[in-house]
Amino acid sequence: MHPAPSVIFFSTFSGLGFGLLFWLGLGWPSPTGLVAFVFFAIGYLLAVGGLIASTFHLGHPERALKAFSQWKTSWLSREAICAVAALILMAIYGAGAVFADQHWRVLGVIGGLLSLGTVFTTSMIYAQLKTVPRWHMPLTPLNFLSLSIAGGALLAGQVTWALWLIILAGGIQLATWIVGDGRFATSETTIATATQLGGIGQVRAFEPPHTGTNYLLREFVYVIGRKHSFKLRLIAIVLMAALPVTLLLMPFSHVAGGLAVLVHVAGVLTARWLFFAQAEHVVGLYYGKR
Amino acid sequence: MTELPKSTQKKLGLVIDLDTCVGCHACVISCKGWNTENYGAPLSDQDAYGADPSGTFLNRVHSYEIQPAEGAAQLIHFPKSCLHCEDAPCVTVCPTGASYKRTEDGIVLVNESDCIGCGLCAWACPYGAREMDQAAGVMKKCTLCVDRIYNDNLPEEDRIPVCVRTCPSGARHFGDLGDPDSAVSQLVKERGGVDLMPEQGTKPVNKYLPPRPKDRMPEIDVLAPFLAPVDQGAKGFLGWLDRTLDKL
């Protein structure tokens, strides 16, 4: 799958932002006044910034409001609704914390859960796709959710929680890669089932429909960088988990904490790039490619 | 609405005969022509006369080589367009309701004025039947020539999808696959028509007729040795030349 920068930035930063809002909503930490303002501002910049980035890959962003209508069947529509609901509730809760020194607990918990729900709906957009076997498994939402909660804990300054959750998220990331590698083979979809010509003999794509490329090949058959996937995975897991954990185990300082956030984000961005670049769509079979 | 209808009154679709398709791509060109000049955003091309041309097509013809366990390989031409699935995954993922499946005839369409161009429907389609038009920024797909099949302004013989009308080898058939007595349903029954990627659970309406077994060359006739041509050798001037050259 083509790793569109807008979608990689969107899913990484909004995941992080909603992760932070989740912790703020639960009341860990429960700041007030200016400190609360800074916490909520970071959360909103990441979450809303990510959402805005996601509209860059739309053909017609001016019609984006229509995307709120099909929540009955579409995970993308559910994501839009969940995101707006979470942002509105958390804005009210945040305003209470910043301006009124109040923590409206029920509102915060609902807003926090909706923030997490937004990350879940994002992950389901990918996990629902039977056409991309690597994504079509329960590990995909677990991967997105664990990274969001861990990154949120890191931003929220919950050092002990962050430590354990980053280790957990790293483990789930490794499992996602290892299990994901075998998904295409076990999906039962092959060039023989795609063409239904396997009964005669061995099928080989002889001639593509066009001499040039097309939308399908650009969007779904992205092979650049796959040969470096092992090295990139190593870089991703070191940045995402190993380094932040080391930094958190050191005596606490804001510099080490800030550094932990930066390397963690760089690691998640690398992993998210791989999430797209390594994903193979079954339509590639018609072109004799994956 | 992106909820799929529980059932449709008709199941209009195509039956494609892989035995008779000659791979001429006439259906591709006529499809591009009709759907550029008529309903919806035109099917644009990018860098059409340059070094890296590409464009939007609703129908593409692949070619596959099949190597049987013994004997010569076969070349099969394989036209592919939207299969108008009963369980169309492209419809349910649409966030705006732009994609829908018609209750009256089962055709899967895109309402282009509602499409935000997110591309998720193309991701959900296992067949590569949907392509985002790079100029219009909306999703394009086969309409089963909905602007032909019900068009009273056209002569009756033209009220079929343009790919079917154009096909010079009669490899494409159009009709109601929901009616077991229709000509297309009979054809599917007779020739053992199949679904593409059945494991994806999309229940495609379009069916493909597999190639019939190839004829086999009969054993060489017992009289063959007696019929073998016998070289009588050259006569006349050429014969003299042959003998003379041999002596040199």
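Just so we're on the same page: letters track the sequence lines, and every chain starts at 1. It should be emphasised that the depicted structure is a prediction, and the values quoted were computed from it without experimental measurement.
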>> Need one label for B/Lys80: side chain, backbone, both or neither, based on atoms under 4.5 Å from any heavy atom in chain A.
In response: side chain
> Quick check: are there more than 12 heavy atoms from other residues, nucleotides or ligands sitting under 6.0 Å from CD of B/Gln186?
Replying inline: yes
> If you tally heavy-atom pairs under 4.5 Å against chain A, which of B/Ser63, B/Pro210, B/Ala69 wins?
Replying inline: B/Ser63
> Stepwise, does the side-chain contact (heavy atoms from CB on, under 4.5 Å) test hold for B/Val93 with A/Gln128?
Replying inline: CA-CA 9 Å; B/Val93 298; A/Gln128 69 176 332; 3.6 Å; yes
>> Among B/Pro126, B/Gly201, B/Pro211, B/Gly119, which residue has the highest count of heavy-atom pairs closer than 4.5 Å to chain A?
In response: B/Pro126
>> Counting only non-hydrogen atoms closer than 4.5 Å, does B/Glu112 touch chain A with its backbone (N, CA, C, O), its side chain (CB onward), both, or neither?
In response: backbone
>> With rounding to the nearest 0.5 angstrom, report the CD1 to CG distance, B/Ile66 to A/Leu197.
In response: 4.5 Å
> Could you give the distance from CG (A/Asn214) to CD (B/Glu131), rounded to the nearest 0.5 Å?
Replying inline: 5.5 Å
> How are the rings of B/His62 and A/Tyr286 set to each other: parallel, tilted or perpendicular (split at 30° and 60°)?
Replying inline: tilted
> NZ/A/Lys66 to SG/B/Cys94 distance, rounded to the nearest 0.5 angstrom?
Replying inline: 10.5 Å
> Quick one: what part of B/Asp52 sits under 4.5 Å from any heavy atom of chain A, side chain, backbone, both or neither?
Replying inline: side chain
> Closest approach of B/Cys115 and A/Arg63, non-hydrogen atoms and distance?
Replying inline: O-NH1, 2.6 Å
> Which atom names give the shortest non-hydrogen contact between A/Met1 and B/Trp123, and what distance separates them?
Replying inline: CE-CD2, 3.6 Å
> Considering all heavy atoms of both residues, which atom of A/Pro209 and which atom of B/Arg60 are nearest to each other, and what is their separation?
Replying inline: CB-CB, 3.6 Å
> With only heavy atoms counted, which part of A/Tyr126 is less than 4.5 Å from chain B, the side chain, the backbone, both or neither?
Replying inline: side chain
> At a heavy-atom separation under 4.5 Å, does A/Ile191 approach chain B through its side chain, its backbone, both, or neither?
Replying inline: side chain
> In terms of heavy-atom proximity below 4.5 Å to chain B, should A/Ser187 be classed as side chain, backbone, both, or neither?
Replying inline: backbone
> About how many Å separate OH of B/Tyr127 and OG1 of A/Thr131, when rounded to the nearest 0.5 Å?
Replying inline: 11.0 Å
> Hey, which of A/Trp71, A/Phe68, A/Trp75, A/Phe220 has the most heavy atom pairs under 4.5 Å with chain B?
Replying inline: A/Phe220
> Going by the angle between their ring planes, with limits at 30° and 60°, are A/His210 and B/Phe57 parallel, tilted or perpendicular?
Replying inline: tilted
> Which of the residues B/Leu18, B/Asp133, B/Asp195 is involved in the greatest number of heavy-atom pairs with chain A at under 4.5 angstrom?
Replying inline: B/Asp195
>> Using heavy-atom distances under 4.5 Å, tell me whether A/Ala64 contacts chain B through its side chain, its backbone, both, or neither.
In response: backbone
> Given the options B/Ala136, B/Pro79, B/Ser113, B/Ala129, which has more heavy-atom pairs under 4.5 Å with chain A than any of the others?
Replying inline: B/Ser113
> Of the listed residues (B/Pro213, B/Ala73, B/Cys125, B/Pro89), which shares the most heavy-atom pairs with chain A below a 4.5 Å separation?
Replying inline: B/Cys125
> If you count heavy-atom pairs under 4.5 Å with chain A, which of B/Met132, B/Arg130, B/Met139, B/Glu65 comes out on top?
Replying inline: B/Glu65
> Taking every heavy-atom pair that is under 4.5 Å apart, which of A/Leu129, A/Thr189, A/Leu76 has the most such pairs with chain B?
Replying inline: A/Thr189
>> Between A/Glu219 and chain B, with a heavy-atom cut-off of 4.5 Å, which part of the residue counts as in contact: side chain, backbone, both or neither?
In response: side chain
> So how far is it from A/Arg204 CZ to B/Leu75 CG, rounded to the nearest 0.5 Å?
Replying inline: 9.5 Å
>> Counting only non-hydrogen atoms closer than 4.5 Å, does B/Gln74 touch chain A with its backbone (N, CA, C, O), its side chain (CB onward), both, or neither?
In response: side chain
> So which of A/Thr195, A/Thr213, A/Leu217 has the largest heavy-atom pair count under 4.5 angstrom toward chain B?
Replying inline: A/Thr195
>> Distance check, rounded to the nearest 0.5 Å: B/Glu3 atom CD versus A/Gln70 atom CD?
In response: 8.0 Å
>> Just checking A/Gln202: does its CD atom have more than 12 heavy atoms from other residues, nucleotides or ligands closer to it than 6.0 angstrom?
In response: no
> Of the backbone (N, CA, C, O) and the side chain (C-beta and beyond), which part of B/His77 lies under 4.5 Å from a heavy atom of chain A, both, or neither?
Replying inline: neither
> Taking all non-hydrogen atoms of both residues, which atom of A/Tyr215 and which atom of B/Ala122 are closest, and how far apart?
Replying inline: OH-CB, 3.7 Å
> Looking only at heavy atoms, what is the nearest atom pair of B/Pro95 and A/Ser69, with distance?
Replying inline: O-OG, 3.7 Å
> Does B/Gln134 reach the side chain of A/Arg218, with side-chain heavy atoms less than 4.5 Å apart?
Replying inline: yes
> Looking at A/Thr211, A/Val203, A/Thr190, which one has more heavy-atom pairs under 4.5 Å with chain B than the rest?
Replying inline: A/Val203
